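Here's the structure, in structure tokens; my notes come after.
Keep in mind it's a predicted model, so treat the numbers as computed, not measured.
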Amino acid sequence: APTDYRLFRSLANHLNGKRFDNQDSLAKFIGDFFDNKTLDFYRDGILSLPNRWRRVVDNGGTYYY
């Protein structure tokens, strides 16, 4: 989904090259990642949705990111 792409692309980039010894350290890392995102990050992602959806509609339903 277009809403997921921005968020999870950012998370994937942040995880790049990282290794975790256990599930607890991974959970902390991910929690910290989301907690440290600014309100602007989330706001800009949400506000970009109408334009993203329009692109999908204009492209006949093809996912566009």
Taking it one step at a time, do Arg54 and Val57 satisfy side chain to side chain contact (heavy atoms under 4.5 Å, CB included)?
-> CA-CA 5 Å; Arg54 174 57 41 205; Val57 170; 3.4 Å; yes
Which is it for Tyr42 and Phe34 under the side chain to side chain contact (heavy atoms under 4.5 Å, CB included) test, yes or no, and what are the steps along the way?
-> CA-CA 10 Å; Tyr42 292 108; Phe34 287 114; 3.5 Å; yes
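In this structure, Ile30 is a member of the same hydrophobic cluster as Phe8, with clusters built from ILVMFWY side-chain heavy atoms closer than 4.5 Å.
Between the CG atom in Asn16 and the CG atom in Leu11 there is a gap of 11.0 Å [rounded to 0.5 Å]. Atom CG of Leu26 and atom CZ of Arg19 lie 12.5 Å apart (nearest 0.5 Å).
Listed here is the closest heavy atom pair of Phe29 and Leu15: CE2-CD2, 3.3 Å.
For residues 22-34, the set of pairs meeting the side-chain hydrogen bond (donor to acceptor under 3.5 Å, both in side chains) definition, not counting sequence neighbours, comprises Asn22-Ser25, Lys28-Asp32.
The aromatic rings of His14 and Phe33 lie tilted to each other, with the angle between the two planes from 30° to 60°.
The side chain to side chain contact (heavy atoms under 4.5 Å, CB included) test applied to Arg43 returns Asp40, Leu47, not counting sequence neighbours.
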